[in-house]
Structure formats: structure tokens, C-alpha cells
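Read through the structure below, which is laid out as C-alpha cells, and then see the notes.
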Amino acid sequence: MSLREACLSDGEDKLHEECGVFGLYFEDPEKNAAPLVYYGLLSLQHRGQESAGIAAVKNRQMENRRGMGLVTSVFTPGVIEQLQGPIAIGHVRYSTSGSSTLENAQPFLNRSKLGSVAVAHNGALTNADVVRELLEDAGISFTSTSDSEVIINLIAKNYRKGLERALADTFQFIKGSYALAVLTENALIGARDPNGIRPLCLGEIEGGWVLASESCAIAAVGGKFTRDVEPGEMVIISEGRVQSFTFSEKTSRAVCAFEYVYFARPDSVIDQVDVYNARVRAGEILAKEAPVQADIVIGVPDSGTPAAIGYGKAAETPFGLGIVKSKYVARTFISPSQPERERAVLVKHNAIAGEVRGKRVVIIDDSIVRGTTSRRLVAIIRAAGAREVHMRICSPPVRYPCYFGIDTPHRKDLISSASSPEELREYLGADSLAFISADGLLESLRTTASGETRRPGGYCLACFNGEYPIPVPGEKADEGY
């Protein structure tokens, strides 16, 4: 595939995390968790904007409400009033191609004579097809195409063994990435895959406990962050206490590095690393690795801004707000043609001409996937009168697809896989282009929120180097384009 074909492939020019999960447990049976789950989901809206759902339980009766669209669209006051109970879980979702339907919205709910179970899942199973086929052969039916329904059907199938055993057996059976919030008639459960690829954390709230994909969601409901759920750990919150169980042998931690680069909100702390400070440090490191004489450094909102602050500080170059982003433009992938898609990018971003006119400008962005946005940004800054435009990217080139819960194009559609940095620079129209090194990215993640320095490593960099933390079916086939 040519460089131009890679740029013009359908799809948005950003990687997308598929989901965010949230759970709340109150000890007082008269309290209602659903309204606070609503606010928790609002704070995780950046992780999924195509569907939302909340399941709640009261007096052993479980109700589930799901819908397509933003949290505020799905959960009107009337809908929230229908959800009552001291324990509830919620979910926001991005879909992969062909799966944007109500049937695939979460949480999933299973009712049986043994009791009701609801599951909210962030991640992707690598053995979902095999497990699904085994369950179907056993007479279990499916109502969706989501791999998350595999998880709830496995739990339900084993529920007669008791909650703890049913969950442990399920986690031994599934492979891939998962951060789960599970709701039963009297408990809230959180679990994280053995590599910890997707994030999950635990917090306290007055009279109860909170589970969330990010710590910012705990703060949003007035809670206090307690700790991260560890890789391979299951926490069961019931009868006013939190019990912890390890369900897998110790494996290598492989947290998704893109959580820090782009996915997570800057006010979150994930696995002891402050996301905002990590982005600032990445900018500082990038300035040392790829310096350039410039008059101003600007960041592509929102995740590029902290990195631009760091780059400007390290390069002793002024930081400025040279790009304005509209938050009310639909995702560009829905446009049916490339000209319309490019117009959508133009509407989404605009330059502040007075900041860049006549100047040598450095644009800091978090990543380049297909190149559509980057190319338009260079053109916008040039049209605003910039004398030079230099692109600096705070992640290594994205060359490989993700199989662990990120909506990633095929390898043939990843522009860095189809071109050299110089070919890409020429196509984007930039005066220079540079990416942070993998070592530089890891260095930016070495300092914890408490200021301690830890050994590098413990992160999944597969989309940059093709080294997957667990075997991935079909990965070799994809390499051939």
C-alpha cells in the first residue's frame, strides 16, 4: 500500500480505548448508588462515547439500562429514577468496526435461578471465539457479538460453585486484557488481567467503596483513591468489607503505555504514575532527543498540551496556545468520503494566527495513526502565517495493531508502518518530524506520583515494536498486510 493510500484509509486519525468501567458499593441498603455512578461515567466519557449503561441491584432485584450515545443522552432524570439500589456498576464504550449496536452496549446482565449477574468490561479477549464456540456447543446462547458476553456467560455457567470459585474459574479460562466491574445481588467485584494491561483502581467513599478505570472518576464522586487493583487480583466488596484474592501466578506487568500518552485524563494516577507529569516529562525528553530552533511550541489539544509545556521548558522556547479544538465535532471516521473527513478535521481544529504568524513553530502531538489530522494541522498552521512548521510526536511510530482493547486499524492502514519518517515528513508537509524513542517514553514513566524512581519496564509497547505480552492469534497473518 502506498503512503497516500495509508493516509486516505477510512477511520479516525487517533487510537481509541474501547471502554471505561465504574462501580459503587454502599453499606447502607437505603442509599442509592445509581446517581453517583452516572457522575462517575461522566468523568470517564473520554474513554467511550458510543454507548453507556448502568446496572443496579436492590433487595436482590437487578435492573439494567443501556443506550446508544453519550451518558447525558442515555440517562435522563427519568431513567436514573428507575435504577435503585445500594450497589451499581456502569460502563461507557467505544465500539470496534461493525459492533456499534445496542445489543453490544454494556453492562451485560444474566438472570438465572441461581441469581443475577451483571458485567462491565474494558479490554479484549484473545481467545473469545474459541470460548464462545465451546459455550454454544454446551447450549448457551448469545445475544451480541461482544467478547464481554463470553465473560458473563462463563460466570453464570459456573455460578453454582459459588461466587468466588465461579469468578476464579472464569479468569483461568479467558485470555487477553480485562478490567472488570461485576455486580451480583449482594456484592461488587473488580478484577484485572494478569498482565494489568488495562487499568483499574479502588477508592473509598463515605459509607462505601468505589471501583473505576481511572482515579479521576473516584474524585468526581467525592471519593478518595486507595490503590490500584493489582494485575491478576480480584477484589470482592461485600458485607461492608473488601477481600482480595490473587487468581493467577505472578506474570510480567505490561500496562498499556498509551494510557499515559493519550487515553487517560491528565488528572488521573495509573499504577502510581501521575499522567499529567508523565506527559510533561515526555515533552522534556523529546526536546532533548529532537531539538530544533523555534520561536514557539504549541500542543495539539488536549493530550499534546502537557507535553508541549515540557518541550518548551526543556528547549527554553516559549509555550503558546496556537491551536483551538472544538469539543462539539463528531468523530471524523463517520464521514463517508475523504474530502468530507478532511473538512471535519479542519472544523475540529483552528489556529490562533496571532500566535504563529511569522514564527518557527513546533507542534507537539501525542501520536500519528493515519496522518490525516497531522497533515491538516501542518496546513492550518502554515495558512495562519507560520514561517516554519516542525512536528514532534510524544510516542514512537505506531506500526502494529493492538489486540487488547484499543480500536486500532490493520497494520496496512498505519501510516508509520507504510513509510519511513522522512517519507511521512514530506507527505505531511512539515519542515521536520521526529518521534520520541521507546527508551525515552519508558523514561518518562519511571517517576511515581510520590516522587520515587523505579526501574524502567512493565509496559506494553506492542503497537510500537510488535512485541506482544501474550500470544496473539492472527498476529502473523496481519503482518503480511
* Might you confirm whether atom CG of Asp129 has over 12 heavy atoms from other residues, nucleotides or ligands at distances under 6.0 Å? => no
* Structure fact -> Residues at least two apart in sequence or cross-chain that pass side-chain hydrogen bond (donor to acceptor under 3.5 Å, both in side chains) with Thr453, listed by chain then number, are none
* side-chain contact (heavy atoms from CB on, under 4.5 Å) involving Val273 - partner list, sequence neighbours excluded -> Tyr260, Ala278, Arg281, Leu445, Arg454, Tyr459
* Pair listing, side chain to side chain donor-acceptor pair (under 3.5 Å) test, anchored in residues 201-214, at least two apart -> His46-Glu214, Arg47-Glu214, Glu214-Ser268
* Nearest-0.5 Å distance, CG of residue Leu180 to CD1 of residue Ile155 -> 7.0 Å
* Glu284 to Gly310 - nearest heavy-atom pair and separation -> CG-O, 3.3 Å
* Would you say the side-chain atoms of Arg66 pair up with the backbone N or O of Ala105, donor to acceptor, closer than 3.5 Å? -> yes
* Write out all pairs satisfying salt bridge (charged side-chain N to carboxylate O under 4.0 Å, His left out) with one or both partners inside residues 459-469, taking only residues at least two apart or from two chains. => none
* To do: For Lys288, look at atom NZ and say whether over 12 heavy atoms of other residues, nucleotides or ligands are found less than 6.0 Å away.
  => no
* Quick one: salt bridge (Lys or Arg N to Asp or Glu O under 4.0 Å) partners of Lys224, sequence neighbours excluded? -> none
* Can you check whether Phe108 reaches Ser146 side chain to side chain, under 4.5 Å on heavy atoms? -> yes
* Verdict with reasoning, Leu433 to Ile393, per side chain to side chain contact (heavy atoms under 4.5 Å, CB included) -> CA-CA 8 Å; Leu433 169 68; Ile393 310 300; 4.1 Å; yes
* **Minimal non-hydrogen separation, Cys201 against Ile218, with atom names** => SG-CD1, 3.7 Å
* Angle class for the Tyr178/Phe247 ring planes (parallel below 30°, perpendicular above 60°, tilted otherwise)? -> parallel
* **Side-chain touch Val182/Ile89, heavy atoms, less than 4.5 angstrom** => no
* To do: Find the distance between OG (Ser51) and CD (Glu103) and round it off to the nearest 0.5 Å.
  => 11.0 Å
* Asked: Which atom names give the shortest non-hydrogen contact between Ala294 and Val362, and what distance separates them?
  -> CB-CG2, 3.5 Å
* Smallest separation among heavy atoms of Tyr468 and Pro401, with atom names -> OH-O, 2.7 Å
* Determine the sole option in Pro397, Ser374, Ser416 for which the side chain to side chain contact (heavy atoms under 4.5 Å, CB included) test with Leu424 is passed. => Ser416
* To do: Keeping to residues at least two apart or across chains, list the salt bridge (charged side-chain N to carboxylate O under 4.0 Å, His left out) pairs with something in residues 297-308.
  => Asp302-Lys327
* Side chains of Phe245 and Leu167 in contact at under 4.5 Å (non-hydrogen atoms) -> no
* Asked: For the atom pair OH (Tyr262) and CG (Asp365), what is the distance rounded to the nearest 0.5 Å?
  -> 9.0 Å
* Side chains of Asp366 and Val300: does their closest heavy-atom pair fall under 4.5 Å? -> no
* **Tyr311 six-ring face occupied by Arg392 cation (under 6.0 Å, within 45°)** => no
* Asked: How far does CG of Asn186 sit from OH of Tyr25, to the nearest 0.5 angstrom?
  -> 8.0 Å
* Structure fact -> Distance col, row Arg425:CZ vs His390:NE2, nearest 0.5 angstrom, shows 10.5 Å
* Name all residues meeting the side-chain contact (heavy atoms from CB on, under 4.5 Å) criterion together with Ala168; count only those two or more places apart in sequence or in a different chain, and write none if there are none. => none
* **Test ring pair (Phe, Tyr, Trp, His ring centres under 6.0 Å) applied to Phe464 and Phe258, step by step** => CA-CA 10 Å; Phe464 309 127; Phe258 245 105; 5.6 Å; yes
* To do: Mind running side chain to side chain contact (heavy atoms under 4.5 Å, CB included) on Leu163 and Ile189 for me, showing each step along the way?
  => CA-CA 10 Å; Leu163 175 61; Ile189 302 100; 3.9 Å; yes
* Asked: Under the salt bridge (Lys or Arg N to Asp or Glu O under 4.0 Å) test, which residues partner Arg165, sequence neighbours left out?
  -> Asp169
* Structure fact -> Scanning both residues in full, the closest heavy-atom pair of Gly53 with Pro107 reads C-CD, 3.4 Å
* Structure fact -> Output for pair (Asn122 CG, Leu44 CG), nearest 0.5 Å, gives 9.5 Å
* Can you check side chain to side chain contact (heavy atoms under 4.5 Å, CB included) on Leu125 and Val131, steps first, answer last? -> CA-CA 10 Å; Leu125 304 185; Val131 179; over 6 Å; no
* Asked: If you measure only the distance, is there a donor-acceptor pair under 3.5 Å linking the side chains of Thr145 and Asn104?
  -> yes
* Please say whether the positively charged group of Arg375, taken as NZ for Lys or CZ for Arg, lies over the ring of Tyr427, i.e. under 6.0 angstrom from the six-membered ring centre and within 45 degrees of the axis. => yes
* Arg265 and Ser215: CA distance, side-chain angles, deciding distance, side chain to side chain donor-acceptor pair (under 3.5 Å) verdict -> CA-CA 9 Å; Arg265 258 179 42 169; Ser215 60; over 6 Å; no
* All salt bridge (Lys or Arg N to Asp or Glu O under 4.0 Å) counterparts of Glu316, not counting sequence neighbours -> none
Enumerate donor-acceptor pairs with a distance under 3.5 Å from any side-chain N or O in residues 434-443 to protein atoms, sequence neighbours excluded.
from	atom 1	to	atom 2	distance (Å)
Ser437	OG	Glu289	OE1	3.4
Ser437	OG	Glu289	OE2	2.6
Ser437	OG	Gly440	N	2.9
Glu443	OE1	Arg446	NH1	3.4

* Does some side-chain heavy atom of Leu211 sit less than 4.5 Å from a side-chain heavy atom of Val21? -> no
* **side-chain hydrogen bond (donor to acceptor under 3.5 Å, both in side chains) partners for Asp271, two or more places apart** => Arg192, Arg253
* Can you name the residues that form a side-chain hydrogen bond (donor to acceptor under 3.5 Å, both in side chains) with Ser244, not counting sequence neighbours? -> Glu233
* Considering non-hydrogen atoms only, spot the tightest contact between Leu24 and Val210 and give its length. => CD1-CG2, 3.5 Å
